[in-house]
Structure formats: structure tokens, C-alpha cells
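The structure appears below as C-alpha cells.
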Protein chains: 2
Amino acid sequence: MTARMKDIALELGLSVVTVSKALRAHPDIGEATRRRVLERVAELGYQPNLMARSLVTGQTWTVGLIVPDLLHPFFAGIAKAISNDIRAHGYGLLISSSDEEPDAERQQIRNLLARQVDVIVLASTQTTVDGLREIERRGTPCILLDRRFAGAEAHFVGNDDEAVGALATAHLIAQGCRRIAHLRGPEVSTAAGRLSGYRQALAQQGLAAPELVMDLGPSGDHRGAEAGYAATRRLLALSPRPDGLFCYNDPSALGAMRAVLEAGLRVPDDIAIIGCGNLSYADFLRIPLSSIDQGAEAIGRRVAQLATSLAGTRNAAAPPHVDLVPPRLVARASTIRFPKG
Amino acid sequence: MTARMKDIALELGLSVVTVSKALRAHPDIGEATRRRVLERVAELGYQPNLMARSLVTGQTWTVGLIVPDLLHPFFAGIAKAISNDIRAHGYGLLISSSDEEPDAERQQIRNLLARQVDVIVLASTQTTVDGLREIERRGTPCILLDRRFAGAEAHFVGNDDEAVGALATAHLIAQGCRRIAHLRGPEVSTAAGRLSGYRQALAQQGLAAPELVMDLGPSGDHRGAEAGYAATRRLLALSPRPDGLFCYNDPSALGAMRAVLEAGLRVPDDIAIIGCGNLSYADFLRIPLSSIDQGAEAIGRRVAQLATSLAGTRNAAAPPHVDLVPPRLVARASTIRFPKG
DNA sequence: AGCGTTAACTTTATCGATTAAGCATATTTA
DNA sequence: TAAATATGCTTAATCGATAAAGTTAACGCT
């Protein structure tokens, strides 16, 4: 078995409490004693049992994170950033992937609560705020990530999705597109936000009608390319057809691009295409894809900061901290119609 | 505050132990009492404090995972699969990303041990097995993931990297390549294994000499494309130049492809290129990249199975379980020289 | 009737720490 | 010089559960 404080105390002829205090640099302990303790602790490579400590202090130094899909680079990037940043403050990260299933998510929330995590960070797949009741009842601080709820008074960190939609659409307009279509994502706040931003940008230029919005359907990210392909085929059947396309995410944009090229049209000359997510290796695609970078790392860092400041708090009536990370346009060949020069 | 067993016991006029046993379906408890308890527990949405439980049982129902880079799709895929599979057995997953820094990794190991995880799953960035001493001393079961140590008697789950190298190289040979080069990865067992497989495949066909191996350098994955580009430029300066190229990973293969195309050569006709990792959206690249699929999900599932079977074990003298997941060739345009028909 | 069993709880000890009180000894302070 | 304060430890209580051992009433058997 592993050494316990009791063992060290016995060896040194001290009480357990003295050892405990010495380890935590409590002022009660004299210099000589502290040194003796630390020396023996170092020799043994002793580390206090965090379970036991947590039981009495009520703090577990653990953040719980639930994402819809850990394989998605956006969420993986956020998870990595959170993990790295909170570790610097002594926190660990318990991660689970809900696979876009609300029931699984609720179960995972319950599990995190049973584990007494100090904070829950949640990119929810729920449509209502009800799933958060339990968290609230427990008084565990909760940070909503990427996806928000209409009337919920909760902390939030994520993109300003209206800005995402507006940025992408304005870029297409600037490139000379006049009939700009949108592939709309599933029933989550991000899709609604991007659609709204798209509409705003169009309205601002008097390009609102007719509306060229096509649904990608409920498919998750893994089917994004197929969904984008199918939706775009439907768009191309319209006449006159669109000359610009803002896609909910990059996979659907890739599917869209395939559909456009297969139809014998040119990208970006006939149809300019922009996605969202800024996938890695976009530069190595057949036609490098313009996209909106969501800044996963920045989001993760801000979540980490908020989480560590919230940990230890209980039911603090602090006003919700809403942190909208600005998106960044990355223009590549798929939209650049007027090469400079 | 949240309800505790004591509260429920008091309300129902029972002892804490009775409630505890009722919740765990202990045979001591009568049907009527059990029902009363379960009913009240359901009403309150009570969940036992897992910290307290762990302290006495010694099991935390937690698996610790350390990977070099959570953003890397291979490790993200593994993490996702592990998380999903162990959750079904009641386990949670504590994840951290070591960023390929041995010191960070060691610190993370210590942290996981202090948190009393039941099993540690480790894709190590260390060069020696010394960093595992502490784990061993504690008797915590440990599963090495993806990267192995020479003489270590430890559980291992990952690819058969010699098979990876051999599979890729044999494929190039089958496509008619005769001067096959290799971009070698950094100082980890996977790079050594793939190199060895490459050599074996060449030797088997009497194509061994001269050796056309170029180092990618110590760069991690994020610089893979640049490193691949640079190494390939050096390769192209040779004469006669290679006609086939097996790259350590996909990013370096993309860099290699860029170098080849910039030199005015054709892929795969002048030089066929194959990578490793089977990156998503490989089909949407300028020239779809052939690659070796490592089967991240399969690896994750096997790790999960092994981990749950090992949890609760201490210093079991069970012989190390070595699980080599077979790689799968995914041939695409970058290597297919003889289109069928 | 007497005694061993069983069923269904309760009481006590424990897990490995932390926090709150005690208690000498030494050092100031008035 | 006596009372007041610090200094540096120790002992007792606690965190929220589980495990081991004890208790009591009902039951069955010869």
C-alpha cells in the first residue's frame, strides 16, 4: 500500500495534523519541523490522497466538460486548451462526449454532479434548459459553451454566431455575389445565430429577397459532407441559381463544392463558397476553402479562466458572464474572385 | 446544501447504513424498506457522493488518460471511444494533453496518481521507461497506448507499426515504384516501427539499397506539413530521384505533395505518395491522399475493455496484454498508378 | 421448551485527510 | 513578577460514505 500521512507522522514522531499543516505551509509549523517533514515526503514521493482531501474541503479541483463530439476539431481544440490552462491552476478535466444525444448528456451531467466536480462546462445538445435544473439545484457553477439557451441566465463562452453569419455573408457580397444562399444547420443556437447574421448582412445591402436557405437536416457533423452535397444539388436546380454560398460548417461546404464542380460550374467564378470552422489543411484542398475561424483555442482559454474563477463558488448571485469570442475570416481561393493586381 | 444519506435516514427513521445498503441492493434490506428508501431518493434526486464512496472502497471509477495532443484526430478519436465505452461500465475519464513534453507528462502522471485513478492509459512522450516507476510503485495498472518502450513489461494497445510500414511500402511496390523513399518520424517507437516495416518490405523484394530515408526532425504534428515539404525538397535533389514516398504521417505527406507538385512533377505518375493516419476529408484534397488507417476507434474500444478489466486490480502479476491493432490500407489517387480498366 | 437460524436492522470502526479546540512552553508586556 | 500573548504541537471532531460486527424478533426443528 501507499504511504499515508499517518505513516510519516509515526516515523517522525509527530501528529498527523502537523504533517498535514507542514505540507500546506501552515504558519503553525516551525521551520525545523517543516523541513524534516518535507524531506521525508520527498524521499517517499508521498502525495496526499486528493479524494480524502476533497471530502473534507468540498473542493475536488476538477472541471467537468461535456461536448457533443470530442472528435470534432472545434471541441477537441477547446478541450485541449481548457485542460492545459486549468492544469496550471491545479485542476483536472473530466471529459465526456454526448454524441448529440440529449439523454446521454443528462446522464453525464448527473455523473459529473455525483463526482462533485467544481464546475461544469457544457456544450449542450438539449433544446430546452430543463436539463440544467439539476445543476442549478446543486448550486454547481455551470458554463454554457458554444450553444446557448434562449432565456437562460447562465454563463456563456462561445462565438458571436450572428457575427459569424454576417462576416461570411458580407465577405461574399464584397466579392460581388448578389444571390447568396445559405445551408442552414440543425436545431441549435449556433445555426439560428448564423442564419440571423446572414439575414442581417443581406438586409443591410438590400439583397434580402428571395430567401435562398436550404436545410442540412438533423445530421450531425459526420454526415455533413453528404448533407451539403444534397442540399446544394437542390439549390443548383433553382433558376436563376445562387452565385454565393455560405455553409453552416466546413464539411457541408466540401459537399457543396463537390456538387458545384460536378455540375460543371466553377468555384468561385460561378459560385463562391465559404464554410465555417476553418478545418486544418484547408490549403491542401482541390480548391482551398474560405472559412470562418471560430478560435477554438481562444474559447478554451476563456472558459478555463472563467471556470477557475468560478470554482469554489456556490450559487453566487454574480451576474452571468457572457463572453462572445469574435470570429475571424480566412479568405482562400473558394471565394476570392478578384485576385489583387 | 445537498441532501446526504444521513438526512434521508433521519426522515425515514432508519440508520444511514440501511439507506446505503438499500441503494446498493444489499440482500440485508427488506422489500418494503427498500421501496421506501428508493422512493424518497427518487423524489430528492439524491445521488451518493462518489468521493466519499471512493475513499472507503478504494475505487474511484475513473480512468486517467494522457495523450501527446488531444487535438490530433488519432488521439481525439481514441479518447472519444474510450470515454464512451468505459462510461457504459460506470467509469469516467480524466484527460490531459502532454504537448509532447516529458516533464509535463510526468507531472500529469503524479496528478492522476494523487487523484487515485483506477487505471492510467498513457501515450508517452518519454524516451525511457523511468517515468513509469512511480505508477508501478503505486501498483496502479497502466496501459501503454500507441507508443511502446523497448524492454518494458507493460500492457500495450496500438498499431502494429511494422505492419503499417510494410503495408504502405508493399502497396507502393505493387504500384510499380522501385526507388521508394521514407520520411522518418521523430524519436518514438511508432517511427522506429514504421521504418523497420518499410525496410522489411523493401528487403523482401530485393529493393533495399540504396536507402532513401529522410528525417522529418523532432517537429511535432503541427509542423508536419512544413517538415514534409523541406525533407521532400531534399529528396528531389537526389539523382536518380525516388518514384515512391512513404511518409510518417499525413501532414508530412501533404507537405511532400506540395513539394513534388511545385517541382513540376506529377503525383502519382512521377512519384506516388502515401501517408499514415487517414485524415478526414482526404477525398477532397487536390489529389486524394492514400493513407494507412490506424483504426483509432478500434484502439479506443480495446483500451476501454482492457482498462475496465484491469480496474480494481493491484499489482496483478498477470502477463502483459499486448494488443496490436492491424492497420488498414486506404488507396486513393495519390498512389493508384494503374486505374482499373 | 430449548436452541440454532435467518431476516432485517443498528451500532461501531474505518477510509485519509482537514478544521477547530486544547495545552504546554517561551516570550512579551505592564 | 504576574498576567497576557505567541509559538508549535497535539487531541478531538468532521467530511459522507462503506464494511464488519452486534442486536432483536420470528421461525423451525427435535
Side-chain angles (χ1 to χ4, degrees), chain A residues 1-38 41 44-62 90 111 113-118 138 140 312 314, chain B residues 1-38 41 44-62 90 113-118 138-140 312 314:
Chain A
M1 286 304 139
T2 309
R4 297 151 304 172
M5 273 194 183
K6 192 201 284 189
D7 304 318
I8 298 179
L10 234 57
E11 283 186 59
L12 268 48
L14 294 168
S15 79
V16 182
V17 176
T18 304
V19 176
S20 170
K21 286 181 171 169
L23 276 171
R24 287 173 297 136
H26 190 109
D28 266 8
I29 309 303
E31 189 50 34
T33 312
R34 156 149 48 246
R35 246 206 293 277
R36 273 208 311 150
V37 171
L38 293 182
V41 160
L44 292 172
Y46 168 81
Q47 291 189 234
N49 182 323
L50 293 188
M51 291 284 149
R53 172 178 292 176
S54 293
L55 183 57
V56 47
T57 61
Q59 259 206 289
T60 56
W61 297 92
T62 304
N111 188 259
L113 291 176
R115 288 170 183 274
Q116 317 289 121
V117 297
D118 294 336
R138 279 282 290 268
T140 301
R314 285 271 151 184
Chain B
M1 288 304 139
T2 308
R4 298 150 303 169
M5 273 195 183
K6 192 201 280 188
D7 304 317
I8 298 180
L10 233 57
E11 283 186 58
L12 270 48
L14 294 169
S15 78
V16 182
V17 175
T18 303
V19 176
S20 169
K21 286 180 171 171
L23 276 171
R24 288 173 295 138
H26 189 109
D28 266 7
I29 309 303
E31 188 50 33
T33 311
R34 158 155 40 248
R35 247 205 293 276
R36 276 207 309 151
V37 171
L38 293 183
V41 160
L44 292 172
Y46 167 82
Q47 289 189 232
N49 182 324
L50 293 188
M51 290 285 148
R53 173 179 292 176
S54 294
L55 183 56
V56 48
T57 63
Q59 260 206 288
T60 55
W61 296 93
T62 305
L113 290 175
R115 287 171 184 273
Q116 316 289 123
V117 297
D118 294 336
R138 279 283 288 268
T140 301
R314 285 268 150 187

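Below, chain A is the first sequence line, B the second, and so on; all start at residue 1.
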Just compare [options] and give me whichever is closest to any side-chain atom of [X].
X: B:T57; options: C:dA17, D:dA17, D:dA19; result: D:dA19
X: B:R53; options: D:dG16, C:dA17, D:dT18; result: D:dT18
X: B:S20; options: D:dT18, D:dA17, C:dG16; result: D:dT18

Task: Inter-residue atom distance A:N49.CG - A:R4.CZ, 0.5 Å rounding - done: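 Spacing of CG (A:N49) from CZ (A:R4) equals 11.0 Å.
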
TODO: Measure the spacing between CE of A:M51 and CZ of B:R53 and express it to the nearest 0.5 Å.
DONE: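 Going from the CE atom of A:M51 to the CZ atom of B:R53 covers 12.5 Å.
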
TODO: For D:dA17, take OP1 and OP2 only and decide whether either is under 4.0 Å from a side-chain N or O of B:Y46.
DONE: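 For D:dA17, OP1 or OP2 has a side-chain N or O of B:Y46 closer than 4.0 Å.
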
Open item on the list: OP1 or OP2 of C:dT18 versus the side-chain N and O atoms of A:R24: is any pair under 4.0 Å?
Closed with: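 Yes.
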
How would you list, by chain and number, every residue that makes a side chain to side chain donor-acceptor pair (under 3.5 Å) with [X], sequence neighbours excluded?
X: B:S20; result: B:R24
X: A:N111; result: A:R115
X: A:S15; result: A:T18

Could you tell me the separation between the [atom1] atom of [X] and the [atom2] atom of [N], rounded to a whole number of Å?
X: B:Q59; N: D:dA17; atom1: CD; atom2: C1'; answer: 15 Å
X: A:Q47; N: C:dA17; atom1: CD; atom2: C1'; answer: 14 Å
X: B:L55; N: C:dT18; atom1: CG; atom2: C1'; answer: 12 Å

Task: A:L38: partners by side-chain contact (heavy atoms from CB on, under 4.5 Å), with sequence neighbours left out - done: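 Checked A:L38 against side-chain contact (heavy atoms from CB on, under 4.5 Å); matches are A:L23, A:R34.
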
- [ ] Going 5' to 3' through nucleotides 6-12 of chain D, assign each nucleotide B (protein heavy atom under 4.0 Å from a base atom), S (under 4.0 Å only from sugar-phosphate atoms) or - (no protein heavy atom that close).
- [x] --BBBBB

TODO: Indicate the atoms forming the closest heavy-atom contact of B:L14 with B:V37, along with that distance.
DONE: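 Heavy-atom minimum between the residues: CD1-CG2, 3.8 Å.
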
Open item on the list: How bent is the helix from C:dA1-D:dT30 to C:dA30-D:dT1, measuring the angle between the end axes built from five pairs each, rounded to 10°?
Closed with: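 Angle reported: 50°, given to the nearest ten degrees.
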
TODO: Please examine the side chains of A:Y46 and A:I8, heavy atoms only from C-beta on, and report whether any two atoms are closer than 4.5 Å.
DONE: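 SC-SC contact between A:I8 and A:Y46 confirmed.
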
